[in-house]
Amino acid sequence: MASMNGLRAFRRCIVGQRGLRVRAAVAAPAIGCLALPSVFLAGGASGRCSPVRCASSNEPGVVRGILRVVPYGVLGSSSAGAKAPAPDATTAFVDPAGMHHIQGSPGNAGGAAGVIYKLWRRLSINDVALACQILLLPHKLECDDQFWQVLDAIHPLSLALSSWASSCEEEVREECQEKSQEAAFLFACAKAALALKIPLHQRSALLLLRQAAGLAADSTWTGHRSHEEVLPCLHPATEASRSIDQDLLDTELKQGRQCRGGSCREQCGLLVLDDGLHDSEISDLVRHAEIIKDLHGTRDPDTNKLDIHLHLSAHHRQGEGHLLFLYVLEKLRRLIALAANVPPSWVSFASHFLSHLFSDESAPSKGTIHCDESSFDRFHYSAVLWLTAQNSTTGGEVQFYDSEKRDWRVTVQPIPGRLAIFTSGWENIHRVTPLLVGERWSLPVFASVKAPLNTTRISKACLWPASSKQWEYCQDRLDQWLGISDAPTFPAPVVQAITAPLKAKFHAYGDGQKKCIHVVGPDFRKRDYTREEAVAELAEAYFNVLVEFCGTGLTKLRLLPVSGGIFSGPFKAELPALTADALEGFHRDVHLYGIRGEGIRGSPSPALRPLICRNQGRGD
Ligand SMILES: O=C(O)CCC(=O)C(=O)O
Ligand SMILES: [Fe+2]
């Protein structure tokens with residue numbers, strides 16, 4: 001195709017006056033990239049025209065003659081059976097991205113982008129080659145810029161940390177390796193980045209905070225246990241209402257786990273671990289709690305109890321103290337997962353708060369006898385971390401009940417850093433004895449244990465797939481189940497470049513073989529767009545894609561209709577026409593300014609300067 005005919009043909013084709021198959025597919029672009037015909041920008045068939053500029057003449061022939069509508073997707077195939085080769089090393093393909101995916105993670109993206117990320121994911125996760133390019137040799141054992149660069153660029157985090165450690169100079173390499181496994185170091189780095197509010201590192205910092213909590217949980221788990229009981233699980237023999245004190249003790253019980261709405265194992269028990277937190281962490285957490293108590297706390301007049309929930313802590317913005325609270329909570333969540341013998345992703349908090357009691361003769365604490373799961377169905381596992389010391393003289397100990405012997409079976413003395421984890425059912429009816437002297441701080445947490453997905457279905461699909469569809473389901477869900485789809489982010493240069501809709505950024509993945517231009521198209525559902533505004537924004541997005549393409553020196557570009565999926569909103573039916581207009585408008589602008597960016601008044605247009613490139617197309 002050459003000259004204006006190309007553009008006209010393109011327009012006819014894309015708006016559906018010709019080529020029914022193409023029209024149908026373009027008009028319903030949300031079905032995914034593989035099913036989509038691409039709007040295909042190729043180098044001029046004659047070989048003399050570049051995708052952006054005709055090399056042989058200075059005529060402003062930018063888009064004309066180089067657009068071709070093809071009946072396959074940017075990855076080379078379509079559900080209608082048309083096939084083209086997968087993009088090779090000389091072809092860039094466009095990813096119509098969503099802003100929150102670019103800035104967050106590709107996980108769970110749908111439509112065309114979702115299909116592209118599947119490919120992207122397989123290529124870029126654990127991409128050690130990429131890691132090595134980015135690594136500079138660090139000399140210092142600090143979470144310096146170098147450290148963050150590595151962390152932001154490589155996923156999963158454990159791989160990033162080991163890459164960082166192995167990049168250390170030989171004499172400190174061993175020390176780096178130790179540091180990369182040390183909860184305190186990783187948490188200190190996370191705190192530094194989060195407290196300094198360095199937006200770039202925030203995601204890595206949160207991952208790091210979780211990693212640190214996971215390591216700390218493992219070490220507490222293997223530490224000293226002052227008490228360990230395996231118990232038969234119990235629940236009410238008949239549908240029982242919430243009860244406390246004597247009513248609860250009188251409830252008839254039978255064996256078995258209730259665990260409503262959850263996926264608990266038929267294993268119940270009580271475990272007391274002694275190395276829950278370091279001394280400095282305990283004093284920092286108490287200090288944090290005291291500050292919030294003094295500023296915001298309101299005591300329950302009936303129980304003389306004051307609870308500080310996470311949102312109150314967050315609201316108060318005690319930066320470091322709040323992060324410590326988050327870290328401790330995450331550590332407790334991990335420990336519950338270990339005790340419940342389930343993956344951490346199964347455990348979510350239903351409630352948690354820093355709890356304060358102080359002895360007050362006028363309103364002594366009551367020591368209500370209760371069962372956590374009887375209070376709330378969704379409490380499947382409980383844990384309490386104690387931050388102060390209590391004993392039989394001071395009161396404030398925790399007693400667990402033996403329903404068969406009808407007596408207290410064990411008394412646990414709170415000491416700072418001690419931690420009890422127990423199943424929340426009727427096998428663990430308990431009370432806090434009235435506090436007689438002093439003050440008491442504890443951190444009780446209540447967790448639901450729930451398999452995030454239908455694991456039976458996943459297992460079946462993975463072990464005995466009856467169809468390719470089932471196999472796909474297996475791969476998708478397994479990724480999700482293992483947390484893989486949540487793990488990666490886009491590479492830092494992409495995240496840094498695409499900070500707003502309409503921006504585009506080229507990145508080569510997988511040893512530089514897969515060349516992708518990410519672009520965030522306008523989301524026409526976000527506000528009321530006039531048709532002109534819609535065309536203008538699309539044109540800007542295409543412009544940005546072409547500028548990126550220009551910079552690559554590549555010869556072929558596979559482009560699909562930007563904003564063609566769910567972003568098309570009210571323009572869904574009209575999108576093919578909008579696409580044609582946007583590309584035509586783009587052509588007009590270039591015509592106006594001239595291909596070298598000289599404006600009509602002779603002044604260069606800086607916006608168009610990047611378009612002066614010499615990509616020599618061969619056609620495809
Ligand atoms: O603070 C404690 O030691 C335990 C509190 C408790 O049992 C609860 O809040 O359910
Ligand atoms: Fe309790």
Side-chain angles (χ1 to χ4, degrees), residues 226-227 229 231 234-235 242-245 247-249 251 258 268-274 276-277 282 285-286 289 293 297 299-300 302-310 312 325 328-329 332 335-336 339 349-359 364-392 394-403 408-448:
S226 53
H227 184 82
E229 268 181 294
L231 301 162
L234 295 174
H235 67 285
R242 249 192 222 187
S243 52
I244 53 166
D245 294 334
D247 285 350
L248 178 65
L249 298 184
T251 305
Q258 178 171 283
C268 292
L270 164 66
L271 178 63
V272 181
L273 297 161
D274 274 351
L277 280 190
I282 295 165
L285 193 56
V286 170
K293 170 174 77 67
R299 204 164 283 280
D300 181 327
D302 285 343
T303 58
N304 199 19
K305 200 166 170 287
L306 184 147
D307 294 338
I308 293 169
H309 290 262
L310 189 62
L312 198 59
F325 194 4
V328 173
L329 287 171
L332 293 176
L335 280 162
I336 289 175
F349 284 131
S351 182
H352 42 43
F353 44 85
L354 284 154
S355 165
H356 184 251
L357 284 175
F358 80 112
S359 59
S365 60
K366 286 217 171 85
T368 306
I369 300 169
H370 67 280
C371 156
D372 296 336
E373 198 166 344
S374 165
S375 307
F376 293 98
D377 275 353
R378 61 181 187 282
F379 292 1
H380 303 146
Y381 258 86
S382 308
V384 191
L385 173 72
W386 292 288
L387 303 171
T388 49
Q390 267 74 41
N391 55 40
S392 54
T394 61
E397 295 177 305
V398 181
Q399 296 188 309
F400 289 86
Y401 193 67
D402 186 326
S403 295
W408 298 106
R409 67 170 200 268
V410 58
T411 301
V412 184
Q413 263 186 15
I415 55 173
R418 178 172 273 175
L419 160 77
I421 306 176
F422 49 97
T423 42
S424 309
W426 286 254
E427 63 283 349
N428 275 318
I429 291 171
H430 59 282
R431 70 164 173 179
V432 178
T433 63
L435 186 68
L436 307 171
V437 184
E439 291 189 59
R440 183 185 193 273
W441 276 110
S442 66
L443 172 54
V445 302
F446 309 94
S448 300

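Worth knowing before you read on, the calculation uses all heavy atoms, side chains too, and leaves out hydrogens, waters and symmetry mates. In listed order, ligands and their atoms are each counted from 1.
Formation of a donor-acceptor pair under 3.5 Å by the Ser424 side chain with backbone atoms of Ser382 is found in this model. Remark: the backbone N or O of Ile369 is paired with a side-chain donor or acceptor of Asp245 at under 3.5 angstrom. In this structure, the side chain of Glu397 engages the main chain of Ser392 through a donor-acceptor pair within 3.5 Å. No side-chain donor-acceptor contact under 3.5 Å links Glu373 to the backbone of Tyr381. Between the side chain of Ser359 and the main chain of Gly438, a donor-acceptor pair closer than 3.5 Å is present.
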Exercise for the section: Any chance you could lay out the side chain to side chain contact (heavy atoms under 4.5 Å, CB included) test for Ile308 and His356, step after step, and finish with the verdict? Expected result: CA-CA 8 Å; Ile308 293 169; His356 184 251; over 6 Å; no
Pairs under 3.5 Å, N/O atoms on ligand 1 and on the protein: can you put them in a table with the distances?
residue	atom	partner	partner atom	Å
ligand 1	1 (O)	Arg440	NH1	2.9
ligand 1	1 (O)	Ser442	OG	2.7
ligand 1	3 (O)	Trp386	NE1	2.9
ligand 1	3 (O)	Arg440	NH1	3.4
ligand 1	3 (O)	Arg440	NH2	2.7
ligand 1	7 (O)	His370	NE2	3.2
ligand 1	7 (O)	His430	NE2	3.0
ligand 1	10 (O)	His370	NE2	3.0
ligand 1	10 (O)	Asp372	OD1	3.2

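Aromatic ring orientation, Phe353 versus Phe446: tilted (interplanar angle from 30° to 60°).
Protein atoms that are N, O or S and lie under 2.8 Å from the Fe ion (ligand 2) are these: His370 NE2, Asp372 OD1, His430 NE2.
Taking His370 as the reference, Asp372, His430 meet the side-chain hydrogen bond (donor to acceptor under 3.5 Å, both in side chains) condition, with sequence neighbours excluded.
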Please list, one pair per line, the donor and acceptor atoms closer than 3.5 Å that link side chains of residues 409-421 to other protein atoms, with sequence neighbours excluded.
residue	atom	partner	partner atom	Å
Arg409	NE	Glu229	OE1	3.1
Arg409	NE	Glu229	OE2	2.9
Arg409	NH1	Tyr401	O	2.9
Arg409	NH1	Glu427	O	2.9
Arg409	NH2	Glu229	OE1	3.3
Arg409	NH2	Asn428	OD1	2.7
Thr411	OG1	Gln399	NE2	3.2
Arg418	NE	Asp274	OD1	2.7
Arg418	NH1	Gln413	O	2.7
Arg418	NH2	Asp274	OD2	3.4

